[in-house]
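First comes the structure, then the notes that go with it.
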Amino acid sequence: CSFFHFPEKLEYFLLDPNIRLLHDQFLRIYPKLSFLKMAHIKANAEYLPVKNDTFEYVISLSAVDHFNDYKKFISEAYRVLKPNGKFLLTSHLDISESGEDKTSFRSKIFSRSILERITRYLYFKKHAVGDDDHTLHIENQDELENQMSKVGFQIEKSEIFKRHFYIIGVK
């Protein structure tokens, strides 16, 4: 939450195709930030309904692997950032602690608790969806860094920690 140190000096916008889910998840993950005034925008990340050069920061937390077109999203993030604006892109890697591919059948079966597996099964059956809503499986952040550089970002910092990564790009 280091981006939220000076809440009175920033405006916050949460963006998602499902506003209720977005708001609830944000409050569940960051309950101490519920005092912030935030606008909720219903939109897809690949088509941001915002003018060019609007924001100082664009932050994507564990979402890029769910987008239909991550390349379009990165371009949109660049477009809506002011000059010298920062883009924080973070998510999880599809590797286990042992380095095993998390998308493998064995990993899917044995990496979850019994309760989680039953709950997920019932949800997927009820809503007729597959058990993997990821459109992008990330084993390292190289592909994302390359795309960020391609649209014009300067990579300020990039780091892997455990099974997660973050990249900070500057416009």
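As a basis for the values below, the full set of heavy atoms in this structure was taken, side chains included, without hydrogen atoms, waters or symmetry mates.
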- Item | Pro83: side-chain contact (heavy atoms from CB on, under 4.5 Å) partners, not counting sequence neighbours | Asp53
- Item | Which residues share a side-chain contact (heavy atoms from CB on, under 4.5 Å) with Thr54, sequence neighbours left out | Val50, Lys51
Same cluster or not: are [X] and [Y] linked, directly or through other Ile, Leu, Val, Met, Phe, Trp or Tyr residues, by side-chain heavy atoms under 4.5 angstrom apart?
X: Phe165; Y: Val170; value: no
X: Tyr70; Y: Ile160; value: yes
X: Ile41; Y: Val64; value: yes
X: Ile155; Y: Leu144; value: yes

What's the separation between atom [atom1] in [X] and atom [atom2] in [Y], rounded to the nearest 0.5 Å?
X: Met148; Y: Gln154; atom1: CE; atom2: CD; value: 10.0 Å
X: Glu56; Y: Lys82; atom1: CD; atom2: NZ; value: 4.5 Å
X: Leu88; Y: Leu61; atom1: CG; atom2: CG; value: 6.5 Å
X: Glu76; Y: Leu15; atom1: CD; atom2: CG; value: 10.0 Å
X: Tyr166; Y: Leu89; atom1: OH; atom2: CG; value: 12.5 Å
X: Arg79; Y: Ile74; atom1: CZ; atom2: CD1; value: 14.5 Å

- Item | Ring centroid separation Phe87 to Tyr78 under 6.0 Å |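 When the ring centroids of Phe87 and Tyr78 are compared, they turn out to be at least 6.0 Å apart.
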- Message: On a heavy-atom basis, which atom in Ala63 and which in Ser91 lie closest, and how many Å separate them?
- Response: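 Reported closest heavy-atom pair: N-OG, 4.4 Å.
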- If you take all heavy atoms of Phe153 and Gly169, which pair is closest and at what distance?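 For Phe153 and Gly169, the tightest heavy-atom pair comes out as CD2-C, 3.7 Å.
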- Query: Is Asn44 reaching over with its side chain to a backbone N or O of Glu46, donor-acceptor style, under 3.5 angstrom?
  - Reply: no
- Message: Donor-acceptor pair, distance only, cut-off 3.5 Å: does the side chain of Glu156 make one with the backbone of Ile168?
- Response: no
- Who passes side-chain hydrogen bond (donor to acceptor under 3.5 Å, both in side chains) against Ser158, sequence neighbours left out?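 Ser158 satisfies side-chain hydrogen bond (donor to acceptor under 3.5 Å, both in side chains) with Gln141, Glu145 only.
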- Query: Who pairs with Asn84 by side-chain hydrogen bond (donor to acceptor under 3.5 Å, both in side chains), at least two apart in sequence or on another chain?
  - Reply: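 Scan of Asn84 (side-chain hydrogen bond (donor to acceptor under 3.5 Å, both in side chains), adjacent residues dropped) gives none.
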- Measure up the Phe13 and Phe55 rings against each other and bin them: parallel (under 30°), tilted (30 to 60°), perpendicular (over 60°). tilted
- Name all residues meeting the salt bridge (charged side-chain N to carboxylate O under 4.0 Å, His left out) criterion together with Glu159; count only those two or more places apart in sequence or in a different chain, and write none if there are none.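 Per chain and number, Glu159 pairs via salt bridge (charged side-chain N to carboxylate O under 4.0 Å, His left out) with no residue.
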- Task: List in chain and number order the residues that pass salt bridge (charged side-chain N to carboxylate O under 4.0 Å, His left out) with Lys157, two or more places apart in sequence or in another chain; answer none if no residue qualifies.
- Result: none
